[in-house]
Amino acid sequence: MSRAIYLLFGLVAYLIFFLTFLYLVAFTGNLPWVAVTVDRGGITGPATIALIVDVALIAIFGLQHSIMARAGFKRAWTRIVPEPIERSTYVLLASLALIILFLFWRPVPEPVWSVENEIGAAILWALFGLGWLLVLLSTFLLNHFELFGLRQVWSHARGTAIPPPEFRQPSLYKWIRHPLYSGFFLAFWATPQMSQGHLLLAIGMSVYMLIAIRYEERDMIRLFGERYVEYRRKVGMLVPGLGKRSA
């Protein structure tokens, strides 16, 4: 019975994640088919209060993502949450952190830059779309369904074990160590209309990602040792050739 329940839980968590991801694209891009975006709708009020609230919302998301991803937390967490649904629970809570951000975000629409040139605006929109495409592609280059918990609950339902992680460098990972984060950087920064609120979101998420990369690479070195250290020496962090690290 638990196998069916865990599988259902994993599927629901994935569906919530996928819908949240789609809303994040619309939210960041101020797309017209959603009511609340980074610059439109939501709670209004003094800009100072808005900035404080928005920073707190970004911090909630960043802390949840970073703390729950650490190996020490996972060891403690799986004493409470069954291991087959540990990843699905993480994905669900990450989605809820983003949903909270959407619900309580306070727009600060004063412009920082505005690109009126049609060609320039089109290039920025193309980079925005490329960023989200790169994010999605990067998850499939690794293992999309394992990353979001579906493989774990499916293997548990079938009674099969998941093989231990192996060090791979598929496609983009031969050129960039973190193409998923590269995609997010493009998605958050590429816009023809940058408001103060959007800039705050871009800066906040960028700071979180740079911190997350540091901790993720520590975990990878613990897991793969010298192989990852050598990989880090040869491959750029977010841009090919840039951000290589010595031992």
Side-chain angles (χ1 to χ4, degrees), residues 11-65 88 90-116 118 120-140 144 147-150 180-209:
L11 290 170
V12 171
Y14 180 82
L15 178 61
I16 292 172
F17 145 74
F18 194 72
L19 293 174
T20 304
F21 175 79
L22 292 179
Y23 197 97
L24 178 61
V25 177
F27 179 86
T28 308
N30 286 303
L31 301 184
W33 51 80
V34 296
V36 178
T37 71
V38 67
D39 291 330
R40 187 178 68 245
I43 302 170
T44 58
T48 302
I49 300 299
L51 293 173
I52 293 171
V53 171
D54 294 346
V55 168
L57 292 169
I58 295 170
I60 290 170
F61 170 80
L63 288 171
Q64 180 276 327
H65 245 61
S88 293
Y90 172 84
V91 169
L92 178 61
L93 292 177
S95 300
L96 291 177
L98 275 177
I99 291 169
I100 289 171
L101 186 146
F102 300 150
L103 289 174
F104 296 100
W105 182 263
R106 299 192 174 207
V108 187
E110 285 74 13
V112 176
W113 73 64
S114 178
V115 177
E116 304 299 334
E118 291 186 3
I123 291 172
L124 287 170
W125 279 120
L127 290 173
F128 174 82
L130 176 63
W132 291 114
L133 182 62
L134 188 57
V135 168
L136 197 58
L137 176 61
S138 298
T139 66
F140 281 100
H144 178 87
L147 190 62
F148 296 105
L150 287 179
L180 186 145
Y181 288 134
S182 299
F184 274 122
F185 270 99
L186 278 176
F188 286 123
W189 285 95
T191 175
Q193 307 294 330
M194 178 65 81
S195 68
Q196 291 182 11
H198 193 156
L199 180 63
L200 177 65
L201 179 68
I203 291 173
M205 289 300 190
S206 298
V207 170
Y208 152 69
M209 288 188 286

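Since the model is a prediction, treat every value here as computed from it, not as a measurement.
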Are W189 and F128, when compared by the centres of their aromatic rings, separated by less than 6.0 Å? no
Side chains of Y23 and V34: does their closest heavy-atom pair fall under 4.5 Å? yes
Smallest heavy-atom separation, L124 atom then A190 atom, equals O-CB, 3.5 Å
For the OG atom of S95 and the CD1 atom of I100, what is their distance to the nearest 0.5 Å? 11.0 Å
Closest heavy-atom pair, M205 versus L101, reported as atoms and distance to 0.1 Å, is CE-CD1, 4.4 Å
Hey, are the side chains of T44 and P107 touching, using non-hydrogen atoms and a 4.5 Å cut-off? no
Less than 6.0 angstrom separating the ring centers of Y14 and H144, yes or no? yes
Distance check, rounded to the nearest 0.5 Å: S88 atom OG versus L150 atom CG? 6.5 Å
Here the gap from L96 atom CG to L103 atom CG, rounded to the nearest 0.5 Å, amounts to 10.0 Å
Could you tell me whether the side chain of R106 and the main chain of A47 form a donor-acceptor pair under 3.5 Å? no
Would you call the rings of W132 and F21 parallel, tilted or perpendicular if under 30° counts as parallel and over 60° as perpendicular? perpendicular
Working for side chain to side chain contact (heavy atoms under 4.5 Å, CB included), residues V38 and T28: CA-CA 6 Å; V38 67; T28 308; 5.8 Å; no
If you round to the nearest 0.5 Å, how far is CE of M209 from CZ of F184? 7.5 Å
Could you please spell out the steps behind the side chain to side chain contact (heavy atoms under 4.5 Å, CB included) verdict for L24 and F102? CA-CA 8 Å; L24 178 61; F102 300 150; 3.9 Å; yes
Would the distance check show the side chain of W113 and the main-chain N or O of T191 forming a donor-acceptor pair, the cut-off being under 3.5 Å? yes
Report the C-alpha distance between L63 and I60 in whole Å, list the side-chain angles of each, state the deciding distance to 0.1 Å, and finish with yes or no for side chain to side chain contact (heavy atoms under 4.5 Å, CB included). CA-CA 5 Å; L63 288 171; I60 290 170; over 6 Å; no
With a 6.0 Å cut-off (strictly less than), is the heavy-atom count around CZ of F104, excluding the residue itself, greater than 12? no
Considering non-hydrogen atoms only, spot the tightest contact between V112 and Q196 and give its length. CG2-N, 3.6 Å
What distance separates I16 CD1 from I99 CD1, expressed to the nearest 0.5 Å? 6.5 Å
I'd like to check F188 versus S206 (side-chain heavy atoms, cut-off strictly below 4.5 Å). Are they in contact? no
Inter-residue atom distance Y208.OH - Y181.OH, 0.5 Å rounding: 4.5 Å
For the residue pair H65 and F61, categorise the inter-ring angle as parallel (less than 30°), tilted (30 to 60°) or perpendicular (more than 60°). tilted
Between R40 (side chain) and F27 (backbone), is there a donor-acceptor pair under 3.5 Å? no
If you compare all heavy atoms of L186 against all heavy atoms of L127, which two are closest, and at what distance to 0.1 Å? CB-O, 3.9 Å
For V25 and L31, the nearest pair of non-hydrogen atoms, with its separation, is O-CD1, 4.2 Å
Report yes or no: does T139 contribute a side-chain atom to a donor-acceptor pair with the main-chain N or O of L136 at less than 3.5 Å? yes
Under 3.5 Å, is there a donor-acceptor pair between the side chain of N30 and the main chain of D39? yes
Contact between W105 and I58 at the side-chain level, heavy atoms closer than 4.5 Å - yes or no? yes
Under a 3.5 Å threshold, yes or no: a donor from one side chain and an acceptor from the other, between E116 and S114? yes
What is the minimum heavy-atom distance between V108 and A50, and which atoms define it? CG2-CB, 3.8 Å
Does any non-hydrogen side-chain atom of L201 lie less than 4.5 Å from one of D54? no
